[in-house]
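Numbered from 1 within each chain, the chains take letters A, B, ... in sequence-line order.
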Amino acid sequence: MRRFLSAYRKDWLILTRDRAGLALLFIMPLALTVIMALIQDAPFKTFQNSSIDVAVFAPDSGKYALEVIDALQQVEGFQIHTLTADAPPSSYEAFQAIVRIPESYSDSLTISNTSRIMRLADPDEHIVEGPKIAVEFDPAITPGFRELIRAHCHRVVSRVELKGFVEAYSQLFPQMAGDVSVGDLFPENTLEVASEENNEADEKYNSVQHNVPAYAIFGIFFIALALSGNLIKEREDGSSMRLRLIPASPWPLVLGRIAAYQTIAFLQALLVFLAGIFLMPLLGLPALEVGSGIPGVVCITLASGFAAAGMGHLLGTVFKSQQQAAATGAISIIILAALGGIWVPTFAMPKVLQYVSMISPLNWSMTAFQDILLRNQSVIHIWPQLLLLCAFATACAFGSVMMRKSV
Amino acid sequence: MIHIDQLHIKYPGASRAAVDGLSLHIQQGEIFGLLGPNGAGKTSTIKAVCQLHKAQSGSIRFNFGDHAQSPLQHIGLAPQEIALYPTLTARENLQFLGDQYLVPAAQMKERMDSYLEKFELADRADDKVKTYSGGMKRRLNLIAALLHNPSLLILDEPTTGVDVQSRAIIHQYLREANGDGLTILYTSHILDEAERLCHRVAIVDHGTILDMAPINELRSKYQSADLEEVFIALTGRKSRD
């Protein structure tokens with residue numbers, strides 16, 4: 001224990017006295033977190049708080065046309081602009097979509113519904129086609145937005161058409177229908193969200209909730225570069241030769257060094273998380289919600305720091321020069337980050353990459369953070385990821401000790 | 001104390017052996033000089049003694065009179081490089097190394113203070129090593145090799161780049177410590193220093209010992225006024241840099 005503590009103290013002192021290196025280790029992930037959270041704020045809001053400008057051109061002033069307009073105005077996130085005159089879509093650049101309700105929409109809907117009801121009673125009766133509402137999209141909007149607008153319009157129009165059908169039925173058969181409304185027959189909310197937890201997670205998933213853990217992980221793994229650089233420096237200046245001369249197990253030295261860097265990684269992540277909680281709201285972003293996930297966040301941060309330091313130890317052992325280790329280490333961390341879902345969530349990746357991403361330690365960390373911060377899971381639930389991170393760290397440290405280039 | 005027999009070291013990819021059948025015997029209490037031009041095989045021999053390099057063949061046997069501990073526990077190495085952490089103070093460097101050797105805590109401070117005093121570093125003990133002069137770093141490098149009380153001190157070019165004062169301090173200590181029974185294996189390019197310090201020297205080149213004897217014997221054998229003439233007579237005038 002004395003050798004471990006002494007090694008820890010030595011590396012802690014070396015690290016904390018390298019002011020420039022330390023500043024880089026803390027400022028880099030903090031700056032990345034803030035910048036990326038700000039940049040990605042809008043895309044993350046796509047299906048949440050965005051305001052979508054929808055123009056409605058309705059030359060029909062009948063009952064059902066007005067109901068369609070009214071229902072569209074009730075859609076959360078839709079800003080409805082009623083047009084008084086028709087115009088080509090290109091002249092409406094301010095709108096993401098234009099809904100065109102035909103001139104005789106209400107009357108045509110009533111006629112169509114009546115014909116359908118009559119067809120129920122008489123198979124020879126001819127069904128009159130119903131009116132069509134057209135939706136045009138601004139070509140510049142993303143497929144995600146397009147699908148969202150389409151889904152809302154479809155729901156609104158279907159509901160109005162169903163109401164028209166029930167009303168036509170009531171008029172034709174008042175003695176059978178009585179005083180029933182469409183709401184009685186077909187309740188509005190037939191789709192239920194599976195659980196409260198998932199519902200909350202949907203609301204939580206924003207730019208801050210993604211980017212804070214993502215760039216905390218990214219910063220943690222950059223510790224590997226600092227560790228490998230210092231390890232190679234020790235080998236170059238001969239200090240590691242002196243250490244190899246000590247007739248004792250190299251493990252206290254290795255673990256002491258790893259623990260010192262792990263502490264720095266933890267403090268680095270703490271700074272990023274505090275920025276998520278306190279700084280982000282000052283920049284107009286939502287605050288990071290950790291809730292009851294603090295034990296989980298602490299465990300993931302420590303396990304990630306362990307994995308990063310283990311990786312740094314191996315890099316410092318395998319490579320002969322600081323330049324080699326820095327270049328290879330930086331590129332491999334960027335690749336592992338890309339695969340790990342730091343920039344783009346893994347579910348949005350092609351299937352093959354989703355499988356490949358499973359080998360990235362950054363993916364294990366990110367998955368664990370998402371389980372804790374979005375899915376409200378407990379520490380027990382993330383044990384596979386914690387185990388993988390610790391196993392990775394142990395394998396790297398073991399590999400470097402076996403190579404015995406440095407201790 | 002050390003028996004080296006037919007030591008053979010060849011690095012991967014090298015066209016010839018760094019150490020080629022070197023044999024020598026260092027007795028307890030002597031200062032033994034391993035002298036030779038650059039690339040003669042001195043550092044490779046030292047590294048093999050310290051078990052930092054594996055020899056392809058040959059043997060190195062130690063007799064420290066203590067079979068319970070690893071021979072490395074009895075060896076102190078002051079390498080050619082300043083093997084210290086520049087951003088740590090002298091005291092922090094020594095504390096770390098003492099802890100790694102598990103020097104009893106009670107003796108640690110006493111030893112540290114004593115060595116720092118002897119090597120005239122006490123008043124700068126809490127300064128970072130990077131602020132030291134070359135001579136101060138060399139002296140601290142030597143203390144770091146002594147802190148765990150070795151029986152054999154190995155010095156690889158211990159006075160390279162130091163001023164006259166630092167060299168005098170180092171020489172004085174080495175004589176005193178040798179007087180107290182410390183065995184010293186010493187390599188250097190500075191032949192007048194070797195002449196003043198060593199009881200016996202081996203002159204090596206191309207990984208083999210060209211001659212080995214007490215300095216007086218070598219001088220008479222080669223009818224030379226000093227060790228430098230013996231050295232030139234054995235290794236030639238061709239530069240190895």
Side-chain angles (χ1 to χ4, degrees), chain A residues 1-23 25 226-227 229-257 259-261 264 316-317 320 322 401-407, chain B residues 43 46-47 49-54 62 64 66 68-89 91-105 108 128-131 137 140-148 150 152-154 156-157:
Chain A
M1 185 51 100
R2 182 179 164 196
R3 296 184 66 225
F4 166 81
L5 290 175
S6 166
Y8 178 91
R9 183 171 178 268
K10 181 263 291 180
D11 277 295
W12 174 259
L13 289 173
I14 290 172
L15 257 171
T16 51
R17 283 176 189 173
D18 177 11
R19 297 271 162 81
L22 207 59
L25 282 176
L227 195 156
N230 277 343
L231 203 58
I232 292 169
K233 207 159 86 183
E234 281 189 15
R235 204 160 60 229
E236 285 171 351
D237 69 19
S239 342
S240 75
M241 184 167 72
R242 206 194 278 282
L243 299 181
R244 285 171 64 195
L245 207 62
I246 297 168
S249 162
W251 282 105
L253 279 168
V254 172
L255 294 177
R257 180 182 286 125
Y261 281 82
I264 292 289
T317 308
K320 286 179 181 161
Q322 292 188 56
V401 169
M402 285 298 105
M403 290 176 82
R404 289 196 58 86
K405 276 188 185 171
S406 51
V407 287
Chain B
T43 301
I46 283 178
K47 285 187 174 174
V49 170
C50 294
Q51 301 181 6
L52 296 169
H53 273 326
K54 273 195 174 160
F62 301 95
F64 293 114
D66 173 8
Q69 285 186 312
S70 159
L72 292 178
Q73 186 67 37
H74 299 278
I75 297 174
L77 170 69
Q80 209 168 352
E81 304 90 352
I82 304 293
L84 298 163
Y85 300 99
T87 53
L88 301 189
T89 67
R91 218 176 269 283
E92 286 164 349
N93 267 288
L94 297 177
Q95 181 73 48
F96 167 65
L97 287 166
D99 285 337
Q100 293 308 315
Y101 275 103
L102 296 175
V103 174
M108 180 86 113
K128 287 176 189 162
V129 171
K130 67 180 180 186
T131 66
K137 285 178 186 169
L140 188 60
N141 206 29
L142 186 52
I143 299 176
L146 292 163
L147 202 64
H148 63 288
L152 170 67
L153 177 64
I154 299 177
D156 194 1
E157 312 276 359

Legend entry - Nearest-0.5 Å distance that lies between atom CG in A/Leu245 and atom CG in B/Leu97: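 Between atom CG of A/Leu245 and atom CG of B/Leu97 there are 10.5 Å.
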
Legend entry - Spatial distance of atom CD1 (A/Ile14) from atom CG (B/Leu88) [nearest 0.5 Å]: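 A/Ile14 atom CD1 to B/Leu88 atom CG measures 4.5 Å (nearest 0.5 Å).
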
Legend entry - Part of B/Ile82 lying under 4.5 Å from any heavy atom of chain A: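 When you check distances to chain A, only backbone atoms of B/Ile82 fall under 4.5 Å.
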
Please report all inter-chain donor-acceptor pairs (under 3.5 Å) between chain A and chain B, with distances to 0.1 Å.
residue, atom, partner, partner atom, Å
A/Arg2, NE, B/Asp99, OD1, 2.9
A/Arg2, NH1, B/Val103, O, 2.8
A/Arg2, NH2, B/Asp99, OD1, 2.8
A/Arg2, NH2, B/Val103, O, 2.7
A/Arg3, O, B/Gln100, NE2, 3.0
A/Arg3, NE, B/Gln100, O, 3.2
A/Arg3, NE, B/Gln100, OE1, 3.0
A/Arg3, NH2, B/Gln100, OE1, 3.2
A/Ser6, OG, B/Asp99, OD2, 3.3
A/Arg17, NH1, B/Thr87, O, 2.9
A/Arg17, NH1, B/Glu92, OE1, 2.6
A/Arg17, NH2, B/Glu92, OE1, 3.4
A/Arg17, NH2, B/Glu92, OE2, 2.8
A/Arg242, NE, B/Ala83, O, 3.2
A/Arg242, NH1, B/Leu77, O, 3.1
A/Arg242, NH2, B/Asn141, O, 3.3
A/Arg242, NH2, B/Asn141, OD1, 2.3

